[in-house]
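Note that the structure is a prediction, hence the values are computed from the model and not measured. Per chain, numbering begins at 1; letters A, B, ... match sequence-line order.
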Protein chains: 2
Amino acid sequence: MKSPSHPRDRGIPEATVARLPLYLRALHGMAERGTATVSSEDLAVAAGVNSAKLRKDLSHLGSYGTRGVGYDVEYLVYQISRELGLTQDWAVAIVGVGNLGRALANYGGFVSRGFRVAALIDADPEVVGDDIAGLNVEHIDELEAVIQRRGVSIVVLATPAAAAQKVCDRVVAVGVTSILNFAPVVLSVPESVDVRKVDLSIELQILAFHEQRKAGGPLMAVDSQ
Amino acid sequence: MKSPSHPRDRGIPEATVARLPLYLRALHGMAERGTATVSSEDLAVAAGVNSAKLRKDLSHLGSYGTRGVGYDVEYLVYQISRELGLTQDWAVAIVGVGNLGRALANYGGFVSRGFRVAALIDADPEVVGDDIAGLNVEHIDELEAVIQRRGVSIVVLATPAAAAQKVCDRVVAVGVTSILNFAPVVLSVPESVDVRKVDLSIELQILAFHEQRKAGGPLMAVDSQ
DNA sequence: CACACTTTGTGCGTCGGTTCACAAAGGGAT
DNA sequence: ATCCCTTTGTGAACCGACGCACAAAGTGTG
């Protein structure tokens, strides 16, 4: 029932999208090392996945490999970059310049891909006006103006939990539809808005769960010593 | 291989484990607000999930609800905490005290659950000896000694990418089996070791992908109508 | 040109997770 | 005690993702 004729189907599985950055990173490393061509097997190892999965993932973007040879590193980097939208440059605003916001502002990993930190915004008058990573911290009152003036399309929320929803509502109101949320709250947004959350304490709790099982699970019933 | 007889089956689905911290956070908020009892519907909304999913998740830990009434908040907090292993206290070491490591050391969210930052470790002599968040930064040479002396069981890697694998190997060698990795590399570890990774730039790339589709998709696509 | 070898792209069985929908179970009122 | 209302716990259908295994497609050699 679907249009099977389309060679480059836009319906890329979410799981695949989440892995493309991984492949991209591995490919960049190979390109730097001068590798011209790579097999799915080698790339899969470098990215830490199964080679069949990798081939299936890449097949979603098109037929960019050569049977008997492998993938052209340079070309694949370009194709994945294009698919992820990294050929354009994305203006990112970081709201909340506490410890985490500061760290993010200085984080090189953002810039290295197509991302540019275009604004730092905070509510604390103590911080507003400071220079961090070569950027002037602006006041939260200017939020809407700054976002529009700088063409910000992705907002990183690094505010305290209590402020996150309010800031979120405001950035959504000015038309931002992509948010990376570090605040430990469930944001409520219209369906058209994408929110990804990173919660450091959740990651630790998941580790703790498995660690506990390893320690007490297999044969040791009770650790009541 | 399975033990189907156990009433409290330890085989909790991974997806469920990942959501338990979410429920726990919501429940803590409710407990603070004095709510004694909560329905799956209300809790689901607070945690941002579907209520059927929530009930199924909770059913994996046992039958802790009362039909017609809901769940006792206090009791559920205890049960989930116990299941996640948060009733004990976990000593965490942060290796790599750059911008990110510093932010993590100061992050309140760790301590608020059962986690305690027990050590900060870095290789840079410029940083070693500094006091950060009330902790003395120790030299990487002391890595093994510190981990064992402080009973560290979870290590957070916030080193540069180039150093991550080497540090990882060393902490695994001293018996650490839970690692939270912020370095943008694929760590190779024995199967018995749990690694969770947080990659900020990957999150942004996923957002960019969807943002690009939103921008270019609906309007630019060939549409007959 | 034919044959051997390599590696991609994918059909298909399988599995884990999500959601629906409902029977079972409890509370409260009369 | 009986009836009605609420809410849990779960059977079962559905859906997406994973990975095996192989045909298809390319390279290279004699």
Phosphate contact ([N] OP1 or OP2) by [X] side-chain N/O below 4.0 Å:
X	N	value
Tyr71(A)	dG9(C)	yes
Ser40(A)	dT7(C)	no
Asn50(A)	dC20(D)	yes

Quiz item: Any idea which of dT18(C), dG11(C), dG9(C) is nearest the Ser59(A) side chain?
Solution: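 Nearest nucleotide to the side chain: dG9(C).
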Self-check item: Among dG9(D), dA17(D), dG19(D), the nucleotide that comes nearest once only the side chain of Lys53(A) is considered
Solution: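 Within the option list, the nearest is dG19(D).
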Self-check item: Check: Tyr71(A) ring centre within less than 6.0 Å of Tyr64(A) ring centre
Solution: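 So the answer is no for these two rings.
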Quiz item: Hey, which of these two, Gly68(A) or Glu41(B), hits DNA chain D nearer its 5' end, going by closest nucleotide?
Solution: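 Its nearest nucleotide lies further toward 5', so the answer is Glu41(B).
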Practice problem: Could you say whether Arg19(A) or Thr66(A) is positioned toward the 5' end of DNA chain D, judged by the nucleotide with the nearest heavy atom to each? | Solution: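 On the 5' side of the pair lies Arg19(A).
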Practice problem: Specify the separation, in whole Å, of atom CG of Asp72(A) and atom P of dG26(D). | Solution: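 Computing the Asp72(A):CG to dG26(D):P distance gives 16 Å.
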Practice problem: To the nearest Å, give me how far apart CG (Leu54(A)) and P (dT10(C)) are. | Solution: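 Result: 14 Å.
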Quiz item: If you take atom types as modelled and just measure distance, does the side chain of Arg67(B) reach the base of dT8(D) with a donor-acceptor pair under 3.5 Å?
Solution: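 Yes, the side chain and the base share a sub-3.5 Å donor-acceptor pair.
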Quiz item: Counting only distance, no hydrogens or angles, is the base of dG19(D) paired donor-acceptor with the side chain of Lys56(A) under 3.5 Å?
Solution: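 Side chain to base: pair found, below 3.5 Å.
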Practice problem: Determine the contact category for Glu14(A): base if any of its heavy atoms lies under 4.0 Å from a base atom, sugar-phosphate if only primed atoms, P, OP1 or OP2 are that close, otherwise nothing. | Solution: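 The residue Glu14(A) makes sugar-phosphate contact but no base contact.
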Quiz item: Looking across every strand, which nucleic acid part, if any, lies under 4.0 Å from Ala52(A) by heavy atom: base, sugar-phosphate, or nothing?
Solution: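 Base contact - Ala52(A) has a heavy atom under 4.0 Å of at least one base atom.
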Distance-only polar pair, side chains of [X] and [Y], donor-acceptor under 3.5 Å:
X	Y	result
Ser153(B)	Glu211(A)	no
Ser40(A)	Arg55(A)	yes
Tyr75(A)	Gln79(A)	yes

